[in-house]
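Notes follow the structure.
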Amino acid sequence: MITIVFSLFLLTMLVIVAVGILRTDNLFTAVMLSGIFSLIMAANFFILDAADVALTEAVIGAGISTVLFLGALALTAEYDRSPPVGTWVPLLTSSALGGVIIFATLQAPRLGDPNAVVHKHVAPWYLDRTPELIDVPNVVTAVLASFRGYDTLGEVFVVFIACIGVMSLLGRVRPRRDSIEEDEFDKRTDNLRHHLIPRVVGKMLVPFIVLFGLYVQFHGDFGPGGGFQAGALIAAGVILYSLLEGGPRGRELVPEWFSSLLVALGAFTYTCVGVVSMAMGGRFLDYSVLSHDPVHGQHMGILIIEAGVGMTVTGVMITIFHAFSRRGIR
Amino acid sequence: MAVLGLYNYFIFAVLLMIGLYCILARTNIIKSLIGLTIFQGAVFLLYISTDKIDGGTAPIIQEGVENQIFANPLPQVLILTAIVVGISTTALALAVTVRIKEAYGTIEEDKIQEMDREL
Amino acid sequence: MEWVYFGTSIAILVTMVLAVVRGLIGPTIFDRVLAVNMFGTKTVLFLAVISFLSGRPDFLDLALAYALINFIGVLAVLLFFQSRGVRRDAEAEREADK
Amino acid sequence: MDLLLDIASAILLLTGGFFVFVGGFGVMRMPEFFTRMHAASLTDTGGAALILLGLMLQGGLTLVPFKLAAIFLFLFLTSPTASYALANAALLSGVSTACRNETGAPLPENEVDSADSKPASKSVAKTSASRTSGRKTTAKQAAEQAAPKAAARKASKKAAKKPAGKAAKKPARKAAKKAAGKPAGKKS
């Protein structure tokens, strides 16, 4: 009941904000509103009992997405100058799609129906067998890292390839002098060094953000968290530092070779665990053989591959941010 | 009550419509991308809506609590990774947009097509 | 206690609605940024209250993550406007070159 | 003892909720950007502190109160920082401060700044028909709507000096637009 009340509030707000995004012709406004959109989305995920997803959306939406979009806006344009073309074709298409979907959902099981098909299929098996086979409290982590480890490997490689794409599109401009004199810094506008309050508070928070990222990384077996969220959090810490001190300083803190190395190393670690478990007589990504005790082997495997995921995501987010910020100062 | 139980799906449909309309009707590339993120969000919402179960809680087993009902972990796993993949692919698209701006001087699709035709 | 949590979260939700309205009507872009920032803080509180309402206070990690990184967006906005003047000058120069 | 704790945290939570709501209300009703920011940032710390304190009392002797304390500490640090950054960004791009006296009434020469924001929706017009936000509606529109009480009084005052004001309106508006970097009225 309470869930439904909150959902009504949040979902209606979601639609209103989406309409607002659609109607504005100022891209800056659209980016700000999509920040609100992602916040509502995260609260909604939390209400629907998806704590891990809510954490991911929160970290990505608040820490990374806005910064990336603003970086892109700074490099392109601030206004949407779409001509007022005949809008009835897209209107017709999208309302036809919406009509079909609404018609289809009339037969769907209501929210929270325990007899829905999704709850009868493989999910009970995961929930029943996780304590026995893997023995970590967070079933989401167990499914993510062990039961559906192939999926996650694929996702890690998608992120990896996206990062390569960004690097080949934006990166590797002839590196200008990255070591910049102290007084030259004061003339630049791509940092917040003149703003003492953000600088002091922000730099104070950077270690806490990274520390919390590590907590989320290694506490992921017991609470909401894991490699994906931790990676985004640590990257958010580095991004905060780069915003405060300027791009070059950020690249001194985490050099580009290091973040690219992290990207590759994470994916490599993940694959290696699979290959090692094959070499030790199991199947690909079957961690049970990693140790004499199958459950202990699962623990080890999950720990290592989560670390791999965390490394890759951290590296990807930092590399993407550096690519955009470096482009800005050409 | 029955309609309220389906509210999530209706919102999913409406968000999908808004996102699709934004992609189709606007010629500005960044605006289309923001429409795409709305579209993505709608799909995330659909998946997460299916995991809810009455009287359930997030699928993290608590010590010393018996007979808890847990939400379905599978959609959560899929969407958790999809969010991170989504932001990376959006970043890739933004990178392409930046290159288009550098090459053409605009990010309006119709103007770009005009320029292409002139060549 | 349930009803107290419920009442508090409803108050926060109503505030969120007000923030959304402010974000939609503007009028300046900074009102929208203000709305985003305020919405973020309210989300932190909302998540904290909800985690108590649902009886799983160990989910406070979410609120903590938000409280830590919510203001990065606003700093990015400040940087954006700070460097906008420089960018506009460069654009004008490019136009003049053409 | 438990009952006492419950009562105390209930009081704290509900007061906090009220504070937060008042902040939201202020953000809706305040006449211009900097006053709105004032409303938001005050309650960000005040209301949040009360709510988190109320929750802390319920946490018991676990990790929970420490996490809440950490949340409070970080909010306490980041929220004013964000406000600072926002105010600075607004100043950099020249958002004008419309009201300078303590009644909140706009000074005459500043009225034109916002004169082009038309009352888009009825709700806006309704909420703004009061002492502080008569500036939301132009003199003419306000007079037409016969907005109640104070707004009407102000409108009549405005209407009296309309001819002079109208001539000066256009260039001033353009300048305001340029300064704000974006036509303010468009969506409001």
Side-chain angles (χ1 to χ4, degrees), chain A residues 2 5-6 9-10 13 16-17 19-20 26 28-29 32-33 35-36 39-40 42-43 46-47 49 51 54-55 58-59 62-67 70-71 73-75 78 189-192 194-195 198 201-202 205 208-209 212 215-216 219 222-225 229 233 236-237 239-240 243-244 328, chain C residues 2 5-6 9-10 12-14 16-17 19-21 23-26 29-40 42-44 46-47 50-51 53-54 56 58-66 68-87 90-91:
Chain A
I2 286 174
V5 174
F6 288 154
F9 255 104
L10 289 171
M13 263 197 272
I16 293 171
V17 172
V19 172
N26 186 337
F28 185 87
T29 305
M32 285 299 121
L33 288 178
I36 294 187
L39 283 164
I40 301 175
F46 191 58
I47 296 218
D49 290 339
L55 184 57
V59 175
I64 300 196
S65 159
T66 311
V67 178
L70 284 183
L73 281 195
L75 292 173
E78 272 172 56
T189 52
D190 69 335
N191 59 51
L192 298 173
H194 289 297
H195 300 281
V201 174
L205 283 180
F208 284 106
I209 294 177
F212 187 66
Y215 165 78
V216 166
H219 195 255
F222 309 100
Q229 294 94 328
L233 257 170
I239 287 175
L240 174 59
L243 287 178
L244 293 169
Chain C
E2 300 265 289
Y5 293 142
F6 188 66
S9 46
I10 287 291
I12 299 171
L13 268 179
V14 171
M16 281 169 151
V17 174
V20 165
V21 173
L24 287 174
I25 64 175
I29 34 183
F30 298 103
D31 287 297
R32 300 175 207 275
V33 185
L34 174 69
V36 176
N37 188 34
M38 188 179 152
F39 201 94
K42 296 306 166 290
T43 315
V44 173
F46 184 69
L47 292 180
I50 290 293
S51 63
L53 182 60
S54 62
R56 303 285 302 258
D58 44 332
F59 290 162
L60 281 172
D61 289 0
L62 272 105
L64 193 54
Y66 248 5
L68 273 170
I69 60 177
N70 183 34
F71 78 129
I72 295 182
V74 183
L75 289 189
V77 168
L78 173 58
L79 194 60
F80 181 80
F81 281 101
Q82 186 181 286
S83 55
R84 187 162 79 166
V86 180
R87 245 180 6 253
E91 244 167 56

Report task. Could you give me the CA-CA distance, side-chain angles and deciding distance for A:I47 and C:F46, then say whether side chain to side chain contact (heavy atoms under 4.5 Å, CB included) is met? Result -> CA-CA 10 Å; A:I47 296 218; C:F46 184 69; 3.9 Å; yes
Query - Short side-chain donor-acceptor distance under 3.5 Å, A:H195 and C:Q82 - result: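 On atom types as modelled, these side chains qualify, holding a pair under 3.5 Å.
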For [X] and [Y], which heavy atoms make the closest approach, and how far apart are they?
| X | Y | value |
| --- | --- | --- |
| A:V59 | C:A65 | CG2-CB, 4.4 Å |
| A:V67 | C:A76 | CG2-CB, 4.1 Å |
| C:L47 | A:A43 | CD2-CA, 4.3 Å |
| A:G202 | C:F71 | CA-CZ, 4.3 Å |

**Report entry** Stepwise side chain to side chain contact (heavy atoms under 4.5 Å, CB included) test for C:L24 and A:L33
**Finding:** CA-CA 8 Å; C:L24 287 174; A:L33 288 178; 4.0 Å; yes
Engaged part of [X] at the chain C interface, taking heavy atoms whose separation is under 4.5 Å:
| X | result |
| --- | --- |
| A:L73 | both |
| A:L243 | both |
| A:F9 | side chain |
| A:I64 | neither |

Count the heavy-atom pairs under 4.5 Å between each of [options] and chain C, then report the option with the highest count.
| options | result |
| --- | --- |
| A:A42, A:A51, A:A74, A:A62 | A:A74 |
| A:I16, A:L39, A:I239 | A:L39 |
| A:L70, A:V216, A:D49 | A:L70 |
| A:L233, A:L244, A:I40 | A:I40 |

**Report entry** Contact leader toward chain A among C:S54, C:A35, C:A63, C:S51, where contacts are heavy-atom pairs under 4.5 Å
**Finding:**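 Sorted descending by pairs with chain A, the first entry is C:S51.
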Report summary line: Answer key: most heavy-atom pairs under 4.5 Å with chain A among C:D58, C:V17, C:N70, C:L53 is C:V17
Report task. State which residues pass side chain to side chain contact (heavy atoms under 4.5 Å, CB included) with C:D61; sequence neighbours excluded, sorted by chain then number. Result ->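 Per chain and number, C:D61 pairs via side chain to side chain contact (heavy atoms under 4.5 Å, CB included) with A:F212, A:Y215, A:H219, D:K67.
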Using side-chain heavy atoms (C-beta onward) and a distance below 4.5 Å, is [X] in contact with [Y]?
| X | Y | answer |
| --- | --- | --- |
| C:L13 | A:M13 | yes |
| C:F39 | A:V17 | no |
| A:L205 | C:I69 | no |
| C:V77 | A:M32 | yes |
| C:I10 | A:V5 | yes |

How many angstroms lie between [atom1] in [X] and [atom2] in [Y], if you round to the nearest 0.5 Å?
| X | Y | atom1 | atom2 | result |
| --- | --- | --- | --- | --- |
| A:I36 | C:R32 | CD1 | CZ | 9.5 Å |
| C:L75 | A:T66 | CG | OG1 | 12.0 Å |
| A:L240 | C:I72 | CG | CD1 | 4.5 Å |

Query raised in the report: With ring centroids as reference points, do C:F6 and A:F6 lie under 6.0 angstrom apart?
Result: yes
Query raised in the report: Tell me, side chain or backbone of C:V21 under 4.5 Å from chain A's heavy atoms, or both, or neither?
Result: neither
